[in-house]
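Everything below concerns the one structure shown next.
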Amino acid sequence: MSAKHTHISDVLVVGAGLAAERSAIEAAEQGLSVIILSLIPPRRSHSTAAQGGMQASLGNVAMGLGDNPRIHLEDTIKGSDWGCDQEVAKAFCDTVPIMIRQLDAWGVPWNRVTAGKKKYASGVETEDLKEKEGLITARDFGGVAKWRCCYTADGTGHTVMFVVDTVVCKMGITVHDRMEAISLIHDGETCLGVVARDLRTGDLNVYLAKSTVIGTGGAGRIYAASTNAVICEGTGGAICLNTGLVPLGNMEAVQFHPTGMPPVWILMTEGARGDGGYLLDKNMHRFMPDYEPKKKELASRDVVSRRMIQHIRAGYGIQSKYAPQHLWLDIRHLGRKWVWNNLREISNIAMNFNGLDPAKDLVPVLPTQHYTMGGIRTNKNGFAYGLKGLFAIGEAACWDLHGFNRLGGNSLAETVTAGFLVGKEVAKYTLGATQKFDYKLVEGFVKQEEERINNLISGRNGKENAYEIKEAMGQAMMDHVHIFRTGPALQEGVTKLQELYRRSLKIGLRSSGQGANPELAQALRMPGMIRMALCVAYGALMRTESSGSHSREDFPKRDDVNWLKRTLAYWKPGADLPTLDYEPVATPHMPPGDRGYGEATAGPKAAK
Amino acid sequence: MARQLTFSIFRYNPNKPGDKPRMQEYSFEEFEGLTMFVALNKIREEMDPTLMFDFVCRAAICGSCAMMINGRPRLACKTMTINLPSRITVMPLPVFKLIGDLSVDTGTWFRNLQVKTESWIHTNKKFDPNALEVRMENKIAEQIYEPERCVECGCCVATCVTANIREDFIGATGINRVSRFMMDPRDERSDAEYYEVVGNEDGAFGCVGLMACADLCPMEIPLQTQLAYARRKMAAAGLKLQFAGVKIS
């Protein structure tokens, strides 16, 4: 067996979610030939699951009047707990209004401003101006000074994904779906493309390009409970890490969304709280104002998630058939019309999976792994560290818009904005690049993957079960690397993961591995997934401070003197632990300070 | 006492030389909250690692997991076993090309549909990055969102008599998709131009009106309304073209 097909293009885009497709459009517009690879048909990407909306400082809605990119920038930096790249954040905030309007021109049915006086369930009374009528409206979201989250009901990711994909169809950009990149091809200096496994047939293919863009999304599935789609296994980051040359940045920065719905852990949008929803405890008490008098339910996600766990620890959680401990999301007071119009998709989810009608029932919620702030470290133009001709965008990347906590509505906004900005850089680089392919080198990479596959099929290295190892990894991350972290627990997690890593190198299939065999696909991903998990756990162990979502109970304060820096995790050949390096985080637009919400400001609640 | 469930599942791997289509049975005890997503994964992880099926979001928003469950096309992820008899027959969707077992190639089918129906905004306006967005009534945006919600799962196609016998029929999903652009003021296509795309037997006039699609749409899109809207518009456009002396094939 050798490579079945070899494809050559100017640009190879791995992944077909919003960031990936938007960058492909930008490159194709420059006349470059582009091939997109995807595990699944593009419109099924996890981008489509984004619910609440996209942050952009349009300032049309009454509660957003006077908004501008500078205020958006300040919210983003505070939200990140000063961990983000401020230059990236500035470029993003300046560009995202244009992106929203371009998406509008492409067909996104953004909800619009309707003029007149309004009274929201949250108690807010406003009057939308006649002169703004028909322009794109926005809703409130966590950690923001202005209402700027543009939306289409609570199916924003769906509409944006479908519309961006219409442009891909219109431009005739080649998409090879059910095609998984399983290894990067490189010569130690330059990325030449990927070896990919065809998930229809099991064949190995070679894709060669001047530029390779990784836009494969997050790695939420390293946790047993995650809001992420089941395909979010961090495949793109893993193949970059495996080179030993490309580092992952800030992998310890993991977002836990306050409102995942047990027992299936599907997301209930932040828009539910943005539109005026409450969090209630077992006494039906709205507890968030006790902890966060200013922001209440709409502090940043890391803060709300911590407050919820804190409240459960204090004995106010609910025990029910949904989960051993949880809290309630209450949107009943928003009224049936609002709930089933503007929060329709989550209402369907609550109905489908728990038989609950949020217009009259409480919905169980618990903080759940939601977003990977870390990823393939790139510079501000999207160039990955370590290899030329390699780019990364979206959740797969650590471009570093989000630092240690991402604001709600900033990730969907990042996808298309990074796709646009980095896509331009990809095009510029590719137009000036040549590529030489040493075919022996390429065949060597194919051979390596063939050998991995043959060993898994024959069981030469052992007979470990891929699914058992995956489950144990997910549980280790839940037990030791979750919302609240401590040195000893993290150390135990690292030790467990190392043991699992060694076992993952001894996986043997129980099936034949023939054709599009799903067990083989999982087995091939396992060592890479555990390496990523170890980057999270070990990075968290070594970072002896608390910042944003990284909350160390043994080091509860942010430590700007020692830790205003970004973790870079490398995986050296033969290692069973990442090698960590650090780089400084610059703060040219806003010096480190207090966020105005969170524990530093509001303090702990007095016991009641 | 918990029920013993028996899953009778269609098995066939076209890439395995000599493999023949057959039904295979798996049994285990039902537990609380069991969905077809959990059941199929349990079978694959614990009983038969070769079983092929597709899930992505497992939240009924991505449309990956449509399959025939006891004869009806459904999204497996949101199908609770408690609503089914203890014997559950699972088959792949018809019409779409089989990849293996319960996995079918909806991706290629839908991409071809988008291209054939030119399902994108047609406009001569050039995007001006410095201009404000064009105003639109919120009501219109909400109207567009309704058909836009289609997740392209293929349930309506699988259940459609016409789609099962006529290979080029675009199905309710296709007509719904085109109607979404018809009601979008940003698309500058005339009715006559739409007529060229869907004013035929493979499009709006291929539907024989059985409306199983509307009953079985997992997103509960009002397909009957959308189909009627497209048909009405296309019938009017057809008449207009006839009066104008254009020969309609």
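Proteins come first, then strands; the chains are lettered A, B, ... in the order of their sequence lines, and each starts at number 1. All values reported here derive from a predicted model rather than from experimental measurement.
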Picking from [options], which has the most non-hydrogen pairs under 4.5 angstrom with chain B?
{"options": "A:G355, A:C169, A:G157, A:A105", "answer": "A:C169"}
{"options": "A:P518, A:S38, A:A516, A:P97", "answer": "A:P518"}
{"options": "A:P109, A:G515, A:A229", "answer": "A:P109"}
{"options": "A:W106, A:W110, A:F162", "answer": "A:F162"}
{"options": "A:K470, A:H46, A:R221", "answer": "A:R221"}
{"options": "A:Q522, A:Q514, A:R178", "answer": "A:R178"}

Top of [options] for chain A proximity - count of heavy-atom pairs under 4.5 angstrom:
{"options": "B:K16, B:M219, B:E152, B:E46", "answer": "B:E152"}
{"options": "B:D54, B:D187, B:T108", "answer": "B:D54"}
{"options": "B:R180, B:R44, B:M80", "answer": "B:R44"}
{"options": "B:M52, B:E32, B:R111, B:R58", "answer": "B:R58"}

Is it true that atom [atom1] of [X] has more than 12 heavy atoms of other residues, nucleotides or ligands lying nearer than 6.0 Å?
{"X": "B:E220", "atom1": "CD", "answer": "no"}
{"X": "B:E30", "atom1": "CD", "answer": "yes"}
{"X": "A:E471", "atom1": "CD", "answer": "no"}

Measuring heavy-atom distances to chain A, does [X] have an atom under 4.5 Å in its side chain, in its backbone, in both, or in neither?
{"X": "B:V151", "value": "both"}
{"X": "B:Q114", "value": "side chain"}
{"X": "B:S64", "value": "both"}
{"X": "B:P17", "value": "side chain"}

If we check side-chain contact (heavy atoms from CB on, under 4.5 Å) with A:E21, which of these qualifies: A:V167, A:D165, A:I173, A:V416?
A:D165
Which of parallel (below 30°), tilted (30 to 60°) and perpendicular (above 60°) describes B:F10 and B:Y12?
perpendicular
Side-chain donor-acceptor pair present, B:T50, A:S511, cut-off under 3.5 Å
no
Say whether A:S45 and A:S47, considering side chains only, have a donor N or O and an acceptor N or O under 3.5 Å apart.
no
[X] portion near chain B, given a 4.5 angstrom heavy-atom threshold:
{"X": "A:N517", "value": "side chain"}
{"X": "A:D177", "value": "side chain"}
{"X": "A:N60", "value": "side chain"}
{"X": "A:K321", "value": "side chain"}
{"X": "A:N341", "value": "neither"}
{"X": "A:I349", "value": "side chain"}
{"X": "A:V108", "value": "backbone"}
{"X": "A:L135", "value": "both"}

Expected contact set for residues 124-143 of chain B against chain A at heavy-atom separation under 4.5 Å reads B:F127, B:P129, B:A131, B:L132, B:E133, B:V134, B:R135, B:M136, B:E137, B:N138, B:A141, B:E142
Could you tell me which residues in residues 94-107 of chain B have at least one non-hydrogen atom under 4.5 Å from a non-hydrogen atom of chain A, sorted by residue number?
B:I99, B:S103, B:V104, B:D105, B:T106, B:G107
Kindly write out the residues that satisfy side-chain hydrogen bond (donor to acceptor under 3.5 Å, both in side chains) with B:K20, not counting sequence neighbours, or none if the list is empty.
none
[Y] backbone acceptor or donor facing [X] side chain under 3.5 Å:
{"X": "A:Q51", "Y": "A:T269", "answer": "yes"}
{"X": "A:K118", "Y": "A:T114", "answer": "yes"}
{"X": "B:K78", "Y": "B:I61", "answer": "no"}
{"X": "B:K116", "Y": "B:D168", "answer": "yes"}
{"X": "A:D154", "Y": "A:G52", "answer": "no"}
{"X": "B:R189", "Y": "B:Y194", "answer": "no"}
{"X": "A:R43", "Y": "B:F110", "answer": "no"}

May I ask you to say whether B:R177 pairs ionically with B:E148, meaning some side-chain N is under 4.0 Å from a carboxylate O?
yes
Strictly below 4.0 Å, N to O, side chains only: are A:E29 and A:K424 in salt-bridge contact?
no
Just grab all the salt bridge (Lys or Arg N to Asp or Glu O under 4.0 Å) pairs involving residues 511-522 of chain A, residues at least two apart or on different chains.
A:R510-A:E519
Nearest atoms (heavy-atom pairs only) where A:T235 meets A:E180:
CG2-OE2, 3.6 Å
Could you tell me if the ring centre of B:F55 sits under 6.0 Å from that of B:F37?
yes
